[in-house]
Amino acid sequence: MTWDITGMAAIANVGASPQDIFAALCAGEESRTPLKAFDAAKYRAPYAYEIDDRPGDGQDRPRRATGWLTTVVRQAVADAGLHEDLSQVPVLVGTTMREQRSLELWWRGHPDVSLEDLHYGTALKTEFGASTTYTFANACSASLYALGMATDLIELGVADTVVVAGTDALTEGGFGTLDRVQNDIPHALRPFHTTHKGMLMGEGAAAVVLQRAGTGTRPVHARVRGVSMNCDALHATAPDPDGITRAISDAHRRAGIGAQDIDLVMLHGSGTPRNDVTESTVLSRVFDSTEPGPRMTAIKAMTGHTLGGSGLLSLQMAVLAMKEDTIPPVLGLTDPIPEAADLGLVQGTPYCGDLSMAQINAFGFGGINAVAIVEAAR
């Protein structure tokens with residue numbers, strides 16, 4: 001069984017649409033900026049990958065994540081040729097922090113925050129009349145978890161159309177926690193590079209419209225072949241290679257394909273030494289018998305880690321890569337770690353070639369793993 005992606009929308013630090021983001025990734029320009037959201041003097045990390053829509057440096061406003069969410073949902077629905085009335089359409093949202101930043105601003109005396117503002121369902125009902133909304137706070141795998149749930153809803157006959165989204169804004173609690181627990185503070189997110197030191201946060205939102213195959217009215221962007229998810233719960237932060245391997249194998253099984261059928265892997269690529277080594281080791285084993293093996297890239301080198309929405313953002317970039325038969329490079333990757341040396345990492349300039357099947361990885365704290373398989377709509 002497959003599911004049609006008929007609508008897409010996204011916003012990140014490098015662009016306000018999937019096409020703009022993809023073009024920026026292919027251009028490969030440095031996109032981090034000095035930290036603006038908070039008092040930089042209080043933190044060791046001097047940079048972040050922020051969306052520039054605040055009133056000014058050191059100033060903030062509540063509900064930014066909610067605003068991006070409603071924007072990408074509206075744009076994705078329009079892209080799919082649907083009416084904005086979502087009263088009969090489930091909306092599933094993946095996130096890591098929810099509206100924690102709004103809560104932080106309220107705690108600091110911001111008057112324009114209410115309890116209802118902390119729930120995405122409030123805005124979705126107000127803007128679109130959505131009566132069935134679910135929020136999944138599944139760490140960095142959240143939006144791919146939501147995508148998997150959407151395929152279940154369609155397969156079970158609950159709905160023919162589901163909107164899936166993910167959104168997150170920088171929070172001082174999240175940024176500060178990373179600033180304290182990472183031994184070496186990165187000045188840039190450099191996945192799979194020998195100089196990688198850790199993760200830097202980004203901001204953004206993404207949404208897709210998923211429909212039962214053949215029921216949409218617009219051309220299909222791509223087709224979801226299968227989504228796998230698990231929680232190995234081995235460790236609070238360290239990834240488990242066995243749990244990740246099981247997620248990848250199950251995704252291939254659900255999609256009815258083998259490792260040799262994958263042309264492109266969108267890596268989780270968080271830039272943390274433990275994740276990069278584990279992901280590289282697992283993929284080397286999974287694709288060991290394939291020749292020449294898939295090409296691979298990691299977009300967090302330019303977008304930062306966009307947390308709950310990162311999986312869905314990578315999925316959209318995979319869709320555009322297959323449309324254009326072009327894969328953007330991993331920004332700044334000149335000296336891969338030994339564990340990744342034999343992987344087909346795209347370096348320096350975009351790779352051009354036939355692309356038909358993509359694997360998207362998303363791995364979160366606590367062993368929350370999700371892998372999606374997406375096929376080009378030729």
Phe175 and Tyr43 aromatic ring geometry - parallel, tilted or perpendicular at 30°/60° bounds: perpendicular
May I ask you to say whether [X] pairs ionically with [Y], meaning some side-chain N is under 4.0 Å from a carboxylate O?
| X | Y | answer |
| --- | --- | --- |
| Asp53 | Arg64 | yes |
| Glu116 | Lys125 | no |
| Glu30 | Arg190 | yes |
| Arg253 | Asp250 | yes |
| Glu50 | Lys36 | no |
| Asp325 | Arg378 | yes |
| Glu172 | Lys42 | no |

Within the 4.5 Å heavy-atom criterion, are [X] and [Y] side-chain neighbours or not?
| X | Y | answer |
| --- | --- | --- |
| Arg61 | Arg54 | no |
| Asp232 | Arg246 | yes |
| Val93 | Thr133 | no |
| Arg274 | Pro239 | yes |
| Met8 | His221 | yes |
| Pro350 | Pro328 | no |
| Gln100 | Glu104 | yes |
| Val227 | Val371 | no |

Mind listing the closest non-hydrogen atom pair of [X] and [Y] along with its distance?
| X | Y | result |
| --- | --- | --- |
| Ser102 | Leu118 | CB-CD2, 4.1 Å |
| Ala251 | Ser228 | N-CB, 3.4 Å |
| Thr326 | Cys26 | CG2-SG, 4.2 Å |
| Phe365 | Ala236 | CB-O, 3.4 Å |
| Gly293 | Thr290 | CA-OG1, 3.4 Å |
| Pro336 | Gln347 | CG-NE2, 3.7 Å |

To the nearest 0.5 angstrom, please state how far the [atom1] atom of [X] sits from the [atom2] atom of [Y].
| X | Y | atom1 | atom2 | result |
| --- | --- | --- | --- | --- |
| Tyr351 | Leu345 | OH | CG | 13.5 Å |
| Ile244 | Arg285 | CD1 | CZ | 10.0 Å |
| Phe363 | Ser270 | CZ | OG | 10.0 Å |
| Met201 | Leu35 | CE | CG | 10.5 Å |
| Asn275 | Leu267 | CG | CG | 9.5 Å |
| Ile327 | Leu264 | CD1 | CG | 4.5 Å |

Cation-pi geometry met for Arg32 and Tyr47 (6.0 Å, 45°): yes
Test side-chain contact (heavy atoms from CB on, under 4.5 Å) applied to Val164 and Val162, step by step: CA-CA 6 Å; Val164 185; Val162 182; 4.3 Å; yes
Verify whether one side chain among [X] and [Y] offers a donor that lies under 3.5 Å from an acceptor in the other.
| X | Y | result |
| --- | --- | --- |
| Ser114 | Asp117 | yes |
| Gln211 | Thr6 | yes |
| Glu99 | Thr66 | yes |
| Thr272 | His196 | no |
| Gln359 | Asn361 | yes |
| Asp112 | Trp106 | no |
| Asp60 | His110 | no |
| His187 | Lys197 | no |
| Thr281 | Glu339 | no |

Do side-chain atoms of [X] reach the backbone of [Y] as a donor and acceptor pair under 3.5 angstrom?
| X | Y | result |
| --- | --- | --- |
| Glu203 | Asn13 | no |
| Thr95 | Gly308 | no |
| Asp335 | Thr194 | no |
| Asp263 | Ser356 | yes |
| His305 | Leu307 | yes |
| Asp240 | Gly243 | yes |
| Thr195 | His193 | no |
| Arg254 | Gly226 | no |
| Arg212 | Trp3 | no |
| Ser310 | Thr306 | no |

CA sep, side-chain torsions, deciding dist, call: Arg223, Glu375, salt bridge (charged side-chain N to carboxylate O under 4.0 Å, His left out): CA-CA 5 Å; Arg223 295 181 176 89; Glu375 183 180 26; 5.8 Å; no
Going hydrophobic residue to hydrophobic residue with side-chain gaps under 4.5 angstrom, can you get from [X] over to [Y]?
| X | Y | value |
| --- | --- | --- |
| Leu144 | Tyr134 | yes |
| Leu25 | Val330 | no |
| Tyr49 | Phe38 | yes |
| Leu200 | Leu333 | no |
| Leu234 | Ile368 | no |

Stepwise side-chain contact (heavy atoms from CB on, under 4.5 Å) check, Val14 with Asp20: CA-CA 7 Å; Val14 293; Asp20 288 346; over 6 Å; no
Intermediate values then yes/no, side-chain contact (heavy atoms from CB on, under 4.5 Å), Cys231 and Asn369: CA-CA 6 Å; Cys231 180; Asn369 307 308; over 6 Å; no
Chi angles and distances behind the side-chain contact (heavy atoms from CB on, under 4.5 Å) call for Ile337, Val277: CA-CA 8 Å; Ile337 59 176; Val277 169; 4.1 Å; yes
Member of Thr135, Thr132, Leu153, Leu210 meeting the side-chain contact (heavy atoms from CB on, under 4.5 Å) criterion with Leu92: Leu153
